[in-house]
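Below: one structure, written as C-alpha cells.
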Amino acid sequence: MTGEPFFVTTAISYPNGRPHIGHAYEAIATDWLARFARLDGRAVFFLTGTDEHGLKIAQAARARGLSPRAFVDEMSSLFRKMAEDLRISFDRFIRTTDPDHRVCAQALWQRMAANGDLYLGRYEGWYSVRDEAFWDEADTTLDADGVRRAPTGTEVTWTVEESWFFRLSRYQERLLDLYDRHPEFVQPAFRLNEMRAFVERGLKDLSVSRTSFDWGIPVPGAPGHVMYVWVDALANYLTPTRFWTGEGGWPWPAQLHVIGKDVMRFHAVYWPAFLMSAGLPLPRRVFGHGFILNRGEKMSKSAGNVVEPSELVQAFGLDAVRHFLLRAIPFGQDGEWSPEAIAARANAELANDLGNLAQRVLSMIVRTCGGRMPSARPATPEDEALAARARALLPACRSAHEAVRPDLALEAIWDMVAATNLYLTRQAPWTVRRTDPARAEAILWRAADALRRVGLLLQASIPDTAARLLDQLAVPAGARGFAGFDTPVPTGTPVPEPRPLFPRLELPA
RNA sequence: GGCGGGGUAGCUCAGCCGGUGAGAGCGCAGGAUUCAUAACCCUGAGGUCGCGGGUUCGAUUCCCGCCCCCGCUACCA
C-alpha cells in the first residue's frame with residue numbers, strides 16, 4: 001500500500017531575478033506531495049534548487065559588477081531562503097554550480113556521446129554581439145536603414161557558431177511510443193496531446209553547447225564549449241542518484257517532476273530523449289501546473305504587480321497562503337490570486353469552518369468532560385454516517401495525491417469539516433447533556449475524532465496549523481502518521497484548554 | 001493558418017452516452033440559534049445554460065454555421 005519510494009522534484013529556478021509567487025506556488029504544491037507521501041509512510045526524496053548557468057546570469061552579474069559566481073551565490077540564497085520561509089521540506093536544495101552536479105552533467109553527456117547521439121555541427125542565426133544572443137528571425141525587424149535589429153534594438157548579423165548537437169531526430173518514434181504506452185507520463189492529459197502533436201510534426205536536432213560564453217559546465221573533451229541549458233539543467237534531477245558511480249545515491253527514476261506549463265516540452269520531450277540516449281530509466285510522470293495570475297494578469301515588473309512571497313507570508317501568515325494556493329486553484333490550471341481572495345479563503349475555511357469547529361468541540365470537552373477525551377459509547381446511525389465519511393477521507397486524499405490534485409484533497413477535507421459542523425449542530429450535545437451526559441460525550445468524541453483525522457491530513461498542506469490542532473486534540477507525536485488514521489486518542493487522555501486555532505484576518509487596507 | 005480546449009447564477013466552477021422543477025462553493029439578503037473565533041445551522045437569491053439554425057415527443061446536454069476566449073505550433077529559462 002505505501003511501500004513505493006517517492007522521488008519528487010520541482011523545476012530548478014533560474015535566479016536572474018528574485019523569487020516570486022510562481023516559484024512559491026510550485027514549491028508549496030510539491031511540498032504538499034512530499035509531506036503527504038512521508039505521512040503515508042513512504043520513503044521520500046524531495047529535490048528543488050536553482051539553475052545557475054547561462055548567458056543571462058552572466059549578463060545580470062556583469063550589470064551588478066559581480067562575478068557570476070558571486071552573483072549566483074547571492075541569488076540562489078534568496079531562493080533557498082524562500083523555500084525555508086515557506087517550510088518547504090526539501091531533502092536537497094541543488095545548485096547547478098554544485099561540484100557533484102558538474103560531474104553528473106558531464107557523465108550524462110558522455111553517456112549520450114557514447115551512444116552516438118552527440119555530434120559537432122554549426123549553429124547559425126541572427127546574432128547580436130551586444131546582447132551576446134541569437135534571435136529568432138521572426139523577432140527581429142529589418143529597419144528602414146537596412147539594418148536588422150533585435151527586439152532590444154541592437155544590430156544583429158547572420159552568424160555561424162560551432163556547436164554540439166543532440167540527435168533528437170532519432171527519438172521521434174520512441175517518444176511517440178512512450179506517449180502511447182504511458183499516457184500518464186505527461187499530465188494533465190491535455191498537455192500530452194500538445195506534446196504528441198509537437199513530436200508528430202517532426203523533430204530537429206538540438207543545439208546543446210555554446211562557445212559564445214563560458215559561464216557553464218565544460219563539455220568533456222571539447223575545449224571552448226560549455227553545455228547549453230538542457231543537458232545541464234535537466235541533469236539536476238539525476239545528480240542525487242550518483243548514477244555515474246553506481247552507488248550511494250537515491251534510486252533513479254523519479255516518480256514525478258512537478259513543473260510549470262512553460263517548461264513542458266523540455267521535460268516531456270527532450271528529457272526522456274536524453275535519458276533514452278543515456279540508457280537510463282525515465283521518470284514516471286511529468287506534471288505541468290498553471291500560472292498564478294495577479295487579479296487576472298500575469299505578473300511583470302512593468303505592470304508593477306510583482307509580489308514577493310515573503311510579503312504575502314508577512315501579511316497573511318504562511319498557512320493562509322499555503323492553504324489558498326493549494327485549495328483554490330485546480331492544480332494544472334491557471335489561477336487568480338488577490339489579497340482579498342487569500343483573506344476570504346482563510347477566514348471562511350481556516351477560521352470559521354475549521355477553527356471554530358475545533359473551538360466549539362474542544363471547549364465543551366474541557367468544560368463538560370473533565371478535560372479528558374471522552375469515550376465513544378454505542379453509535380447511532382448519525383454517528384455511523386459521520387464515521388464512515390471520516391474513514392473514507394484517507395482513501396479520497398490518497399487518490400487526490402496520486403492524481404496530483406491537492407485541491408481535490410482539500411475539497412474532500414473541507415466537505416468533512418462541513419459535515420462535522422452539521423453533525424454537531426444536529427446532535428446538539430450542549431442540549432443533550434442536560435438529560436443524557438453520556439450521549440453528549442459520545443457526540444463530542446465523534447466530532448473530536450473527525451477533527452483528528454482532518455488534522456492528520458492537513459499536516460501536508462498547513463503543517464503549523466495542523467500541528468496546533470493535533471496538539472489540542474492530544475494526539476501523541478508518534479501517532480500523527482497516516483498509519484494511525486484509524487487509531488483514536490485513548491479515552492481519558494487529558495485535553496488541554498483550547499486556544500483559537502486560526503485568527504480571523506483583517507483585509508489589508 | 002493547423003491541432004486541441006472552452007464560453008452555465010455577481011465571482012469560481014459541476015453538470016457521464018439528450019428527458020420529472022438547471023446545481024455547488026464564495027459573496028449578498030433574510031431567519032434560527034447561542035456549544036463556538038458575530039462563528040455554526042436553515043432559507044432565498046428568480047441565470048436568454050455565447051449567437052443562429054437543425055435533428056427529436058423533448059437539448060444546457062446531439063449535428064451544422066457564426067462570434068469570442070485560451071493552450072500548443074522548437075533553442076529565454
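Each chain gets a letter, A, B and so on, in the order the sequences are listed, and its residues count up from 1.
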Can you tell me, in whole Å, how much space there is between the [atom1] of [N] and that of [M]?
{"N": "B:rU8", "M": "B:rU12", "atom1": "P", "value": "9 Å"}
{"N": "B:rG53", "M": "B:rC17", "atom1": "P", "value": "25 Å"}
{"N": "B:rC51", "M": "B:rC67", "atom1": "P", "value": "15 Å"}
{"N": "B:rG10", "M": "B:rG46", "atom1": "C1'", "value": "15 Å"}
{"N": "B:rC13", "M": "B:rC49", "atom1": "C1'", "value": "13 Å"}
{"N": "B:rG50", "M": "B:rG44", "atom1": "P", "value": "25 Å"}
{"N": "B:rG27", "M": "B:rC35", "atom1": "C1'", "value": "27 Å"}
{"N": "B:rG52", "M": "B:rA59", "atom1": "C1'", "value": "15 Å"}

Along RNA chain B (nearest heavy atom to each residue), the more 5'-positioned of A:K204 and A:A418: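 The residue mapped nearer the 5' terminus is A:A418.
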Upstream residue (5' side of RNA chain B) when A:R201 and A:T425 are each assigned their closest nucleotide: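 Going by which nucleotide is closer to the 5' end, it is A:R201.
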Give a yes-or-no answer on whether the side chains of [X] and [Y] include a donor-acceptor pair shorter than 3.5 Å.
{"X": "A:D205", "Y": "A:S169", "answer": "yes"}
{"X": "A:T10", "Y": "A:T30", "answer": "no"}
{"X": "A:T239", "Y": "A:N236", "answer": "no"}
{"X": "A:E161", "Y": "A:S163", "answer": "no"}

Taking all non-hydrogen atoms of both residues, which atom of [X] and which atom of [Y] are closest, and how far apart?
{"X": "A:G455", "Y": "A:L469", "result": "CA-CD2, 3.7 Å"}
{"X": "A:Y237", "Y": "A:L47", "result": "CA-CD2, 3.8 Å"}
{"X": "A:K261", "Y": "A:G290", "result": "CD-CA, 4.3 Å"}

Positions of residues 429-448 of chain A (non-hydrogen atom under 4.0 Å from RNA chain B), listed by number: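 Listed by number, they are A:W430.
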Any donor-acceptor N/O pair, A:E26 side chain to A:A11 backbone, under 3.5 Å: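 Yes, because the side chain of A:E26 sits within donor-acceptor range (under 3.5 Å) of the backbone of A:A11.
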Partner nucleotide, any strand, of [N] [Watson-Crick/G-U, under 3.5 Å]:
{"N": "B:rC11", "result": "B:rG25"}
{"N": "B:rG46", "result": "none"}
{"N": "B:rG71", "result": "B:rC3"}

Regarding [X], tell me which of base, sugar-phosphate or nothing describes its non-hydrogen contacts under 4.0 Å with the strands shown.
{"X": "A:R265", "answer": "sugar-phosphate"}
{"X": "A:G332", "answer": "nothing"}
{"X": "A:L55", "answer": "nothing"}
{"X": "A:N193", "answer": "nothing"}
{"X": "A:A351", "answer": "base"}
{"X": "A:D205", "answer": "base"}
{"X": "A:S207", "answer": "base"}
{"X": "A:L203", "answer": "base"}
{"X": "A:D262", "answer": "base"}
{"X": "A:F198", "answer": "base"}

Covered region of RNA chain B, 5' end to 3' end, by chain A [heavy atoms, under 4.0 Å]: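 Nucleotide range with atoms under 4.0 Å of chain A: B:rG2 to B:rA77.
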Within 45° cone of A:F71 ring axis and under 6.0 Å: A:R64 NZ or CZ: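 The answer is no; the distance or angle limit is not met.
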A:R468 to A:F502, cation-pi by 6.0 Å centre distance and 45° axis angle: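 No, cation not above the ring by the 6.0 Å, 45° rule.
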Whether A:W271 and A:F274 hold their rings parallel, tilted or perpendicular, with breakpoints at 30° and 60°: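 Rings of A:W271 and A:F274: perpendicular, over 60°.
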